[in-house]
**Student:** 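Mind looking over this structure? Questions follow.
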Amino acid sequence: MSTAELQKTIDTMIVRGKGILAADESKPTAGKRLESVGMENTDENRRAYRDVFFSTPGIEEFISGVILFEETLQHKSSDGTLFPELLAKKGIVPGIKVDKGIIPLVNADGDKITQGLDGLAERLQGYKEYGARFTKWRAVLPITDVNPGCMGMFTNAEVLARYAAIAQDNGFVPIVEPELLIDGTHTIERSEAATEATLYEVFAAIRRHGVSLEHMILKPSMVISGKECAQQATAEDVAARTVKVLLRTVPAAVPSINFLSGGQDELQATQHLNLMNRSTQTLPWHVSFSYARALQGSALKIWAGKSENLSAAQENFYKRAKLNALASCGEYDQSMEK
Ligand code: 13P
């Protein structure tokens, strides 16, 4: 493992007032997003969708890394520049989602497991030629009365740590993403318990596998009420419980925590991040965002595939990136939404 190579990536990515854009929706997920605005899921539409965001003037002020999906590494902007090159020219580090999606975990009722470890090292060498310098792997853990179970938590932690070790061994900074789903009727108390137990397992596995804590990024979900829970916690409660769980489980040696938005609306995702960064407790890590929907959702609706809407969509994306960047410093205020 070349520590210098990993450190260089970390230093470029982890900058005060900047976060990460997750633009790594798989083909079917990108298709769902496009279909929501009446667009077909074609190669060209997915390329044009990425171009809206990557070509937005000035995003490098707030975004230091972009997670790409495999096909996007080879797609080009309208001016003919390969996307990873376009990003690198702006000083943004291109990264790559390397997992191959979720399947049921056998004999673990309702729990899931992520595939993609076989051949990972070989694939990484190919991605490096396209300029990718960091990776992402997403584990999905549903919350119910029985999920995630012990085996679900243990197995997902083990696979996340195996992935992170392979990524670092090949010179890539791994984003480790254990996502506890917001879907369901669970309370915030249940979310807190499940998140703490999961992160505890994740860091135990990270240590077992010798992953360098200093050269990884944690991408967790927030501790939050289930979408269908009758009792929705306040933004202050979400921030306080999330900070509490992270302080109990995430070593201070980890340089950065970049949250996923996970189905929160744009405003909530920004508010929660801001409140965490205003916490009276000292946070030993950089605490920022790695959002997909909470950065791109409104811009996609405005654009809807029409060139006459492009600049309005890009303005919206620029604004969301800026407000989340301010939230990552605890300097956001809702009055800035106007
Ligand atoms: P959301 O912010 O839309 O949850 O996406 C983040 C992500 O990368 C999920 O894997």
Side-chain angles (χ1 to χ4, degrees), residues 13 19-34 36-37 46 49-50 52-54 62-70 72 93-103 112-116 132 134-143 156 159-160 163-164 167 173-184 191 195 198 202 216-224 226-227 238 242 256-273 276 287-301 316-317 320-321 323-325 327-328:
M13 289 181 74
I20 298 169
L21 167 66
D24 61 335
E25 300 93 340
S26 63
K27 286 185 193 177
T29 305
K32 264 196 253 165
R33 306 277 184 267
L34 293 172
S36 75
V37 295
R46 289 193 302 276
Y49 170 58
R50 309 304 190 190
V52 171
F53 303 104
F54 304 165
F62 315 116
I63 290 180
S64 57
V66 173
I67 316 171
L68 303 170
F69 185 63
E70 197 170 36
T72 317
V93 185
I96 174 87
K97 168 196 174 80
V98 298
D99 69 68
K100 289 189 172 275
I102 313 299
I103 52 166
K112 318 266 178 223
I113 192 68
T114 309
Q115 312 185 89
F134 71 95
T135 54
K136 181 191 107 170
W137 182 287
R138 175 174 177 249
V140 174
L141 300 109
I143 305 182
N156 274 289
V159 169
L160 275 168
Y163 138 76
V173 167
I175 294 186
V176 172
E177 180 180 8
E179 176 172 3
L180 289 115
L181 295 178
I182 198 172
D183 309 314
S191 169
T195 306
T198 300
V202 167
M216 63 165 280
I217 294 170
L218 178 70
K219 175 164 174 168
S221 40
M222 295 181 195
V223 172
I224 195 164
K227 264 251 148 106
V238 170
T242 306
S256 188
I257 295 178
N258 291 66
F259 287 98
L260 59 93
S261 60
Q264 301 177 45
D265 66 38
E266 291 177 353
L267 204 72
Q268 280 181 320
T270 310
Q271 273 178 335
H272 291 154
L273 180 62
M276 283 186 245
V287 175
S288 188
F289 59 88
S290 174
Y291 297 157
R293 283 165 286 179
L295 281 170
Q296 303 174 123
S298 297
L300 169 64
K301 276 196 202 124
N316 179 281
F317 173 57
R320 284 263 56 90
L323 295 182
N324 282 302
S328 75

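Counting starts at 1 for both ligands and their atoms, in listed order. Atoms considered below: every heavy atom in the structure, side chains included; atoms not considered: hydrogens, waters and symmetry mates. The chain is numbered in sequence order, starting from 1.
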**Student:** Purely on distance, is any nitrogen or oxygen of Glu179 under 3.5 Å from one on ligand 1?
**Tutor:** no
**Student:** May I ask you to identify the nearest protein heavy atom to atom 1 (P) of ligand 1, giving residue, atom name and distance to one decimal place in Å?
**Tutor:**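 For atom 1 (P) of ligand 1, the nearest protein heavy atom comes out as Ser261 OG, 3.3 Å.
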**Student:** Quick one: are Ser191 and Ile143 in side-chain contact, heavy atoms under 4.5 Å?
**Tutor:** yes
**Student:** Would you mind listing which atoms of ligand 1 come within a distance below 4.0 Å of any non-hydrogen atom of Tyr291?
**Tutor:** 2 (O)
**Student:** Applying a 4.0 Å heavy-atom criterion (strictly less than), which segment of Ala22 is in contact with ligand 1: side chain, backbone, both, or neither?
**Tutor:** side chain
**Student:** Answer yes or no: is there a side-chain heavy-atom contact under 4.5 Å between Arg320 and Gln296?
**Tutor:**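 Not touching, per the 4.5 Å side-chain cut-off.
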**Student:** Contact between Thr114 and Tyr163 at the side-chain level, heavy atoms closer than 4.5 Å - yes or no?
**Tutor:** no
**Student:** Which of these, Arg46, Arg50, Lys32, sits in a salt bridge (Lys or Arg N to Asp or Glu O under 4.0 Å) with Glu25?
**Tutor:** Arg50
**Student:** To check your reading of the model: name the closest protein heavy atom to atom 9 (C) of ligand 1, its residue, and the distance in Å.
**Tutor:** Glu177 OE2, 3.2 Å
**Student:** Side chains of Phe62 and Asn324, heavy atoms from C-beta outward: is any pair under 4.5 Å?
**Tutor:**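 Side-chain contact under 4.5 Å: no.
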**Student:** Between Lys136 and ligand 1, is there a nitrogen or oxygen pair with a distance under 3.5 Å?
**Tutor:** yes
**Student:** Could you tell me if any non-hydrogen atom of Lys97 lies under 4.0 Å from any atom of ligand 1?
**Tutor:** no
**Student:** Starting from atom 4 (O) of ligand 1, what is the nearest protein heavy atom, named by residue and atom, and what distance separates them?
**Tutor:**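 Checked against all protein heavy atoms, atom 4 (O) of ligand 1 sits closest to Gly262 N, 2.6 Å.
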**Student:** Residue-level breakdown please: for Arg293 versus ligand 1, do any non-hydrogen atoms fall below 4.0 Å on the side chain, on the backbone, on both, or on neither?
**Tutor:** both
**Student:** Rounded to the nearest 0.5 Å, how far does CG of Leu273 lie from CG of Leu323?
**Tutor:** 11.0 Å
**Student:** Quick one: sort the Phe53 and Tyr49 rings into parallel, tilted or perpendicular, breaks at 30° and 60°.
**Tutor:**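 Phe53 and Tyr49: perpendicular rings.
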**Student:** Nearest protein heavy atom to atom 5 (O) of ligand 1, by residue and atom, and its distance?
**Tutor:** Ala292 CB, 3.3 Å
**Student:** Looking at every heavy atom in both Met13 and Ile20, which two are closest together, and how far apart are they?
**Tutor:** CE-CD1, 3.7 Å
**Student:** Tell me the protein heavy atom at minimum distance from atom 8 (O) of ligand 1, and give that distance in Å.
**Tutor:** Lys219 NZ, 2.6 Å
